Amino acid sequence: MKTEETLILGIETSCDETSAAVVAVGNRILSSLVSSQVELHARFGGVVPEIASRHHLILVNTLIDKALQEAGITFGDLQAVAVSHGPGLVGALLVGVATAKALAYALRLPLVAVNHLQAHLYANYLAGAPRHYPAVVLVVSGGHTELLLLPEADSIVPLGRTIDDAAGEAFDKVARHLELGYPGGPLIDKLAREGNPQAVKFPRAWLEEENRFSFSFSGLKTAVINHLYHARRRGEAVNMADLVASFQEALVEVLVEKTALAAAEYNARSVLLAGGVAANSSLRRRMELRLAAALPPVKFYVPPLDLCTDNAAMIAAAAYPLYRRKQFASLDLNAYPGLTIEDSNS
Ligand code: KG4
Ligand code: ZN
């Protein structure tokens, strides 16, 4: 295919999803393939880093070939190769980084290093969210819970983050203790629909005034585990649907209220939700209702479900502005497992 459009190949291997995608001009997905390793890790109750790296290695080249094929292009049509270089599991990240470097070198294409957390935000723009500022963003995933202010384009001010467990981590750990399976988020989301969210009043960690935009979920997680333990010791039957609905209610309420508070304090024109936990049906619904009821109402955007969880389309989309600014990475690019959302991309 001969095209004048900028086509970027995105590669994502930061955790347990191997993904490759081709995105045109940063906003049109030509192909997006995600191979989840969930079943491989499920019997261990969580991601086993070594297994994740090995499977990325097995899958990544096939997925890249398929992504090009589905996009109807060849390597020669690409303008850049983009890769998520952190944060994430170091071995898993290295597979993507090494693959992208090899391709960039062999094809003589620029290499673009993308911050995985910033890319989650781009899933919103891929889905058509306008870039209205100031904006408040909540990124909630398996490893992160970040409340951010975007005062203007290309500027990220962290307002708060979790001081212990990430939101997705709390879902996964609670699910593991309740023996519901892995990953816990989608399973709890589904089971909670059959339960009463008011059945058990679990604690909400609002934190002190100076930490009003920070989060803490480990106390909530422990409260759920203790509730189950004590009920079982007393020989009482536990309604699992009620239990997880109440847990989800407590977690979602804190996420929604802190986001709404930040939106009001910074006069946000829009709120964007991103990351795997943004797929949660209760969080999506509650956030929408809460922001619509705010005075004045705040516009709310959340990507479709398949763009919330890890995917390479968001990597290619986030790479586009960097490509335009010629912010290229060199071929000695490394993986940075501890990269934070405000860290720059190289
Ligand atoms: O963004 P993501 O795919 O990977 C990371 O970068 O961490 O997020 C994965 C996390 C997992 O903790 C998973 O349980 C959670 O997102 N998750 C959900 C839902 N779907 C995925 N949590 C709550 N409700 C869901 N529907
Ligand atoms: Zn992620």
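Note that ligands are numbered from 1 as they come in the structure, with each ligand's atoms numbered from 1 the same way. Keep in mind that this is a model prediction, so the values were computed, not measured.
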*Is there a side-chain contact between Lys173 and Asp165 (heavy atoms, below 4.5 Å)?*
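SC-SC contact between Lys173 and Asp165 confirmed.
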
*Can you find a heavy atom in the side chain of Glu249 that is under 4.5 Å from one in the side chain of Phe247?*
no

*Is His116 close enough to the Zn ion (ligand 2) to have an N, O or S atom under 2.8 Å?*
yes

*Any N/O/S of His144 under 2.8 Å from the Zn ion (ligand 2)?*
no

Considering both backbone and side-chain atoms of [X], is one of its nitrogen or oxygen atoms within less than 3.5 Å of a nitrogen or oxygen in ligand 1?
X: Pro183; value: no
X: Phe171; value: no
X: Thr309; value: no
X: Glu169; value: no
X: Gly275; value: no

*Looking at Asp310, which of its N, O or S atoms is the nearest one to the Zn ion (ligand 2)?*
OD1

*Look at ligand 1 and say whether Cys15 reaches it with a heavy atom at a distance under 4.0 Å.*
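Cys15: no contact with ligand 1 (<4.0 Å).
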
_Any heavy atom of His116 closer to ligand 1 than 4.0 angstrom?_
yes

*Report the relative orientation of the aromatic rings in His227 and Phe202; use parallel for angles under 30°, tilted for 30 to 60°, perpendicular for over 60°.*
perpendicular

*Numbered atoms of ligand 1 (with element) below 4.0 Å of His120, judged on heavy atoms*: 1 (O), 6 (O)

_Numbered atoms and elements of ligand 1 in range of Gly143, under 4.0 angstrom, heavy atoms_ =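 Checking each atom against Gly143, I get 7 (O).
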
*Looking at Phe215, does the NZ or CZ of Arg161 lie under 6.0 angstrom from its six-membered ring centre and within 45 degrees of the ring axis?*
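No, Arg161 does not lie over the aromatic ring of Phe215.
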
*Is it true that a side-chain atom of Ser53 and a backbone atom of Pro49 form a donor plus acceptor pair closer than 3.5 Å?*
yes

*asked:* Let me confirm one number: the NZ-OG distance from Lys190 to Ser281, rounded to the nearest 0.5 Å.
replied: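 It comes to 12.0 Å.
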
Please set out all donor-acceptor pairs under 3.5 angstrom arising from side-chain atoms of residues 60-67, sequence neighbours excluded.
none

*Pair Asn311-Glu12, side-chain donor/acceptor within less than 3.5 Å*: no

